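This is a predicted model, so every value here is computed, not measured.
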Amino acid sequence: MAADLLNISDLTLHYGGSQILNGVDITARQGQVTCVMGTNGVGKTSLLKAISGTHPRSGGDYVLTGEEIGNTTSFELARKGVAYVPQGREIFPFLTVRENLETGFACLPRSDHTIPDYIFDLFPILKEFLSRRGGDLSGGQQQQLAIARALITKPKLLLLDEPTEGIQPNIIKQIGEVIRLLRDQGEMAIILVEQFFEFAYSLGDEFLVLERGTPLLRGSKCQIGKEQLRSAVSV
């Protein structure tokens with residue numbers, strides 16, 4: 001049985017006076033991908049923001065590698081091993097690929113301020129484009145850069161928000177292979193928010209379907225049938 005890396009229970013989150021998440025439970029285990037699914041506007045991105053610390057939680061228990069986590073900053077959570085690749089990627093367009101990667105050094109000790117070779121094994125195109133500005137890359141190349149930058153931080157928990165959005169099919173396939181490889185190495189837990197059903201289903205070990213900020217369906221691939229999941233996602 002894979003070890004629980006993240007356990008969140010009864011999570012609530014508000015934007016101003018509006019409650020966005022209500023009573024959400026989610027677990028992420030080493031060597032597994034947990035897929036968060038649902039239609040637009042149900043709170044999937046808000047959940048990743050709460051987990052990454054980019055938006056404060058209103059309530060709920062958050063345990064990471066056995067440590068209870070209060071409302072803390074995204075920087076502190078990054079230092080504890082949480083890496084977030086947001087929707088839209090948010091790379092720095094006027095920095096080179098190398099400089100974008102090096103921004104991942106911020107939460108690492110100085111002795112780890114090197115770009116490991118395996119980053120370029122995963123994403124060979126980035127080695128070719130080290131001196132090119134981030135804003136000059138295609139959308140798919142920017143997505144690869146955003147994931148690579150997150151991996152520089154040596155995460156225990158990797159959060160991916162819609163990594164296939166607006167990406168050409170050949171790079172979607174490559175990103176899927178990278179996610180599968182990272183999962184199979186067994187060292188990190190991955191939470192994937194994804195609308196592309198077949199992509200998510202092929203990678204997912206556990207699934208959480210949200211409806212209006214509330215859990216609609218939750219369970220493992222062996223507990224939830226493919227058509228049951230597809231039906232829940234389309235609600």
Decide, yes or no, whether a salt bridge links K80 with E67 under the criterion of side-chain N to carboxylate O below 4.0 Å.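 Between E67 and K80 there is a salt bridge, with a charged N closer than 4.0 Å to a carboxylate O.
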Would you check if [X] and [Y] make a side-chain contact, meaning some heavy-atom pair closer than 4.5 Å?
{"X": "E194", "Y": "E162", "result": "yes"}
{"X": "D4", "Y": "T65", "result": "no"}
{"X": "R212", "Y": "V42", "result": "no"}
{"X": "D61", "Y": "E68", "result": "no"}
{"X": "S74", "Y": "V82", "result": "no"}
{"X": "R149", "Y": "F92", "result": "yes"}
{"X": "M188", "Y": "K156", "result": "no"}
{"X": "T39", "Y": "V233", "result": "no"}

Side-chain donor-acceptor contacts of residues 217-226 below 3.5 Å, not counting sequence neighbours, with atom names and distances?
| residue | atom | partner | partner atom | Å |
| --- | --- | --- | --- | --- |
| R218 | NE | D25 | O | 3.3 |
| R218 | NH2 | T27 | OG1 | 3.2 |
| S220 | OG | Q223 | N | 3.4 |
| S220 | OG | Q223 | OE1 | 3.3 |
| K221 | NZ | Y201 | O | 2.6 |
| K221 | NZ | G204 | O | 3.2 |
| Q223 | OE1 | S220 | N | 2.8 |
| K226 | NZ | E198 | OE1 | 3.1 |

Could you list the donor-acceptor pairs under 3.5 angstrom formed between side-chain atoms of residues 124-140 and any protein atom two or more places apart in sequence or on another chain?
| residue | atom | partner | partner atom | Å |
| --- | --- | --- | --- | --- |
| S138 | OG | Q141 | N | 3.2 |
| S138 | OG | Q141 | OE1 | 3.4 |

Is it true that the side chains of T12 and N22 contain a donor and an acceptor less than 3.5 Å apart?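 Their side chains do not contain a donor-acceptor pair, so the 3.5 Å distance test is not met.
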Do Q195 and E165 have side-chain atoms, one donor and one acceptor, less than 3.5 Å apart?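 No donor-acceptor contact under 3.5 Å links the two side chains.
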Testing V63, I8, L77 for side chain to side chain contact (heavy atoms under 4.5 Å, CB included) with I69, which one passes?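 Of the listed options, the one satisfying the test is L77.
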If you take all heavy atoms of [X] and [Y], which pair is closest and at what distance?
{"X": "R89", "Y": "Q142", "value": "CD-C, 3.5 Å"}
{"X": "D10", "Y": "G23", "value": "OD1-CA, 3.3 Å"}
{"X": "T153", "Y": "A83", "value": "OG1-CB, 3.7 Å"}
{"X": "S46", "Y": "L13", "value": "O-CD1, 3.8 Å"}
{"X": "A189", "Y": "L5", "value": "CB-CB, 4.2 Å"}
{"X": "A148", "Y": "F123", "value": "CB-CD1, 3.8 Å"}

Please step through side chain to side chain contact (heavy atoms under 4.5 Å, CB included) for the pair L47 and L11, ending with a clear verdict. CA-CA 9 Å; L47 177 58; L11 174 69; 3.3 Å; yes
Could you check whether R57 makes a cation-pi contact with Y62, meaning its NZ or CZ is under 6.0 Å from the centre of the six-membered ring and within 45° of the ring axis?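 No, R57 does not lie over the aromatic ring of Y62.
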Using the salt bridge (charged side-chain N to carboxylate O under 4.0 Å, His left out) rule, take E206 and R29 through it: C-alpha gap first, then chi angles, then the decisive distance, then the call. CA-CA 9 Å; E206 297 278 337; R29 298 184 175 92; 3.3 Å; yes
Please check: side-chain N/O of S231 versus main-chain N/O of Q228, any donor-acceptor pairing under 3.5 Å?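 No; zero donor-acceptor contacts below 3.5 Å.
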Give, for atom [atom1] of [X] and atom [atom2] of [Y], the distance between the pair rounded to the nearest 0.5 Å.
{"X": "F197", "Y": "C35", "atom1": "CZ", "atom2": "SG", "value": "9.5 Å"}
{"X": "S18", "Y": "I20", "atom1": "OG", "atom2": "CD1", "value": "5.5 Å"}
{"X": "I26", "Y": "L6", "atom1": "CD1", "atom2": "CG", "value": "7.0 Å"}
{"X": "T103", "Y": "R98", "atom1": "OG1", "atom2": "CZ", "value": "13.0 Å"}
{"X": "L108", "Y": "T114", "atom1": "CG", "atom2": "OG1", "value": "9.0 Å"}
{"X": "D161", "Y": "I191", "atom1": "CG", "atom2": "CD1", "value": "11.5 Å"}

Taking ring-ring contact (aromatic ring centres under 6.0 Å, His included) as the definition, give me every residue that meets it alongside H14, ordered by chain and number, with sequence neighbours left out.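 By the ring-ring contact (aromatic ring centres under 6.0 Å, His included) rule, H14 matches no residue at all.
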By ring-ring contact (aromatic ring centres under 6.0 Å, His included), which residues pair with Y15, not counting sequence neighbours?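 Listed in chain order: H55.
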Applying side chain to side chain contact (heavy atoms under 4.5 Å, CB included) to L160 and I147, what does each step give before you reach the verdict? CA-CA 8 Å; L160 300 171; I147 296 172; 4.1 Å; yes
Is there a path of hydrophobic side-chain contacts, each under 4.5 Å between heavy atoms of I/L/V/M/F/W/Y residues, joining [Y] to [X]?
{"X": "L101", "Y": "L95", "answer": "no"}
{"X": "I152", "Y": "L145", "answer": "yes"}
{"X": "V85", "Y": "V36", "answer": "no"}
{"X": "L159", "Y": "V209", "answer": "no"}
{"X": "L21", "Y": "Y84", "answer": "yes"}

For D112, salt bridge (Lys or Arg N to Asp or Glu O under 4.0 Å) partners two or more places apart: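 D112 satisfies salt bridge (Lys or Arg N to Asp or Glu O under 4.0 Å) with K154 once adjacent residues are dropped.
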Derivation and outcome, side chain to side chain contact (heavy atoms under 4.5 Å, CB included), residues D121 and I119: CA-CA 5 Å; D121 294 336; I119 294 293; over 6 Å; no
Please table the atom pairs, donor to acceptor, closer than 3.5 Å between any side-chain atom in residues 166-187 and protein atoms at least two apart or in another chain.
| residue | atom | partner | partner atom | Å |
| --- | --- | --- | --- | --- |
| Q174 | NE2 | L122 | O | 3.2 |
| Q174 | NE2 | Q144 | OE1 | 3.4 |
| R183 | NH1 | L203 | O | 2.9 |

